[in-house]
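Written out below as structure tokens is the structure these notes cover.
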Amino acid sequence: MTWKLAARAEKMNPSAIREILKVTERPDVISLAGGLPSPKTFPVSAFAAACAEVLATDGQAALQYAASEGYAPLRQAVADMLPWDVNPDQVLITTGSQQGLDLIAKVLIDPGSKVLVETPTYLGALQAFSPMEPNAVSVASDAEGVLPDDLAAKARDARFIYLLPNFQNPTGRTMSEARRAAVSAAAQAAGLPIIEDNPYGELWFDEAPPLPLAARNPEGCIYLGSFSKVLAPGLRLGFLVAPKAIYPKLLQAKQAVDLHTPIFTQRMVASVMKDGFLDQHVPKIRALYKTQRDAMVSALQREMKGLDVAFNVPKGGMFLWLRMPEGIDATALLAQAVERRVAFVPGSPFYAGEPDARTLRLSFVTASEEQIATAIAALAETVREALARRAAEQVQQQLAAA
């Protein structure tokens with residue numbers, strides 16, 4: 001039997017991160033690779049109580065088919081928690097925010113369509129867009145995100161630009177108020193829709209980030225959010241907020257995929273969220289992650305001294321971005337790091353265009369402070385070893401050429 005694949009299936013690729021996680025499943029490896037929230041933050045007892053309540057009060061409805069748009073009280077709760085005027089009729093509950101990216105790709109991308117992304121950008125978005133065969137174009141970016149001038153230069157005929165303004169995955173960077181204003185103005189001037197992905201926005205450490213891009217131009221943005229980082233990823237519960245002009249098509253795409261997101265999960269989350277639970281719970285996550293970020297920054301400052309390794313200090317979120325010294329390929333470095341029982345994610349898969357092979361992503365939220373210190377020390381030794389090997393190779397090349 002020969003199976004003939006659709007052209008779009010040929011465009012599907014395994015997640016580079018998921019493949020790396022398979023390599024790091026050894027119990028002796030300290031993984032700084034996966035973007036997994038700390039299980040210490042999961043409110044297990046709150047969900048146990050919510051589960052019992054949902055089954056006791058309306059168990060039959062909780063186990064039945066439901067509306068594709070989502071559970072009305074949860075849609076209202078989402079609308080109420082966003083910092084601009086949102087009608088709950090604009091809220092679509094999704095099976096994780098990753099499904100939102102898939103729906104957007106199906107509704108907005110034709111083969112060859114130009115879509116703009118940051119440099120670098122979220123790998124999961126590139127995966128979601130890829131089967132629709134777009135022409136993904138990288139927009140030049142700096143420590144504050146995309147550059148408005150380059151956005152304007154590349155906006156012509158683009159279907160949308162995909163952005164993560166808050167504590168971006170993979171870099172951890174945050175778009176400033178001034179940059180948001182400039183990016184929003186450039187997009188509006190070009191008639192360019194914005195897809196704003198904000199899974200990490202509540203995970204700020206010292207001060208909340210500026211207003212979302214969607215708050216500045218609601219009719220020109222689709223906004224994506226998630227409960228994975230503030231409650232638990234195993235719920236697979238996210239949402240999108242879309243202008244009325246595009247919402248019906250996103251809903252139709254959702255209906256074709258799974259009819260609706262599990263209603264039992266939606267009802268549980270709505271129950272947990274009532275009475276201001278997130279206002280009490282999320283600050284605990286912020287405090288934990290800030291402590292772990294500080295531990296990683298301190299370890300990097302100590303261990304990488306003199307190695308010409310550049311890194312940022314994120315103001316929130318889960319990730320920190322490194323750039324290795326000249327001549328070091330992070331993908332090649334990974335195998336050597338695993339031998340020293342530490343893992344990370346190479347940066348190359350996060351680029352839609354030419355990758356920077358020297359970059360890598362570290363997650364600081366699942367390892368303990370002690371594990372972070374051990375892992376960064378091991379990573380520094382791996383870098384020193386790679387630099388020594390490279391220097392020896394250069395000497396041999398010089399001798400051979402003499």
Side-chain angles (χ1 to χ4, degrees), residues 6-13 90 92 97-142 144-165 168-169 171 173 175 179-198 212-224 240-254 256 349-356:
R8 74 182 65 87
E10 297 286 358
K11 301 289 183 180
M12 296 177 182
N13 294 302
Q90 296 175 263
L92 177 62
S97 60
Q98 186 69 22
Q99 185 184 63
L101 292 171
D102 178 73
L103 300 179
I104 288 167
K106 289 174 178 173
V107 169
L108 295 181
I109 299 175
D110 288 315
S113 297
K114 181 165 72 171
V115 299
L116 306 183
V117 297
E118 298 174 88
T119 306
T121 190
Y122 172 48
L123 174 60
L126 295 177
Q127 271 193 295
F129 300 159
S130 179
M132 300 299 108
E133 305 179 71
N135 172 26
V137 176
S138 291
V139 179
S141 307
D142 62 12
E144 294 184 35
V146 294
L147 301 179
D149 289 346
D150 200 48
L151 185 160
K154 295 175 178 175
R156 185 176 180 180
D157 298 326
R159 293 293 176 89
F160 59 79
I161 183 167
Y162 170 72
L163 300 172
L164 296 96
Q168 192 229 29
N169 182 0
T171 65
R173 66 192 176 201
M175 199 180 285
R179 180 65 60 85
R180 290 175 199 234
V183 166
S184 182
Q188 288 187 60
L192 178 68
I194 293 175
I195 309 302
E196 181 175 13
D197 199 355
N198 189 30
L213 295 165
R216 300 155 201 268
N217 182 23
E219 294 306 308
C221 296
I222 298 175
Y223 180 89
L224 296 164
L240 63 79
V241 179
K244 293 180 180 179
I246 194 68
Y247 186 98
K249 286 300 176 185
L250 292 166
L251 176 60
Q252 290 165 23
K254 165 76 173 172
F350 295 95
Y351 290 83
E354 185 67 25
D356 184 345

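All values derive from a computational prediction rather than experimental measurement.
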Checklist line | Validation row: S141, R173 side chains within 4.5 angstrom (heavy atoms) | finding: yes
Next item on the list: Might you point out which heavy atoms bring L240 and A242 nearest each other, and give the distance in Å?
Entry: CD1-CB, 3.9 Å
Next item on the list: Look up atom NZ in K114 and atom CD1 in I109, then write down how far apart they are to the nearest 0.5 Å.
Entry: 13.5 Å
Next item on the list: May I ask you to test the T171-E118 pair for a side-chain heavy-atom distance under 4.5 Å?
Entry: no
Checklist line | Note, L164 side chain near M175 side chain (heavy atom, < 4.5 Å) | finding: no
Notebook entry, point to check: Just how far is it from atom CG of N135 to atom CG of D110, taken to the nearest 0.5 Å?
Noted result: 13.0 Å
Next item on the list: Can you spot which of V183, V139, I195, D197 makes a side-chain contact (heavy atoms from CB on, under 4.5 Å) with L163?
Entry: V183
Next item on the list: Write down the atom of P212, the atom of R180, and the distance for their closest heavy-atom approach.
Entry: CA-NH1, 4.1 Å
Next item on the list: Might you point out which heavy atoms bring A352 and A136 nearest each other, and give the distance in Å?
Entry: CB-CB, 4.1 Å
For a quick test of your reading: what N or O donor-acceptor pairs under 3.5 Å do the side chains of residues 151-158 make, sequence neighbours left out?
unit_1: K154; atom_1: NZ; unit_2: S138; atom_2: O; d: 2.8
unit_1: K154; atom_1: NZ; unit_2: D150; atom_2: OD2; d: 2.9

Note to self: Please find the pair of heavy atoms, one from A186 and one from P148, that lie closest to each other, and give the distance.
What the structure shows: CB-O, 4.1 Å
Item checked: Any residue meeting ring pair (Phe, Tyr, Trp, His ring centres under 6.0 Å) with F160, in chain and number order, not counting sequence neighbours -> F129
Check: What's the spacing between E196 CD and R216 CZ if we round to 0.5 Å?
Finding: 8.5 Å
Check: Given side chains that start at C-beta, do those of Y122 and V117 come closer than 4.5 Å, heavy atoms only?
Finding: no
Check: Would you say the side chain of Q252 lies within less than 4.5 Å of the side chain of V107, judging by non-hydrogen atoms?
Finding: no
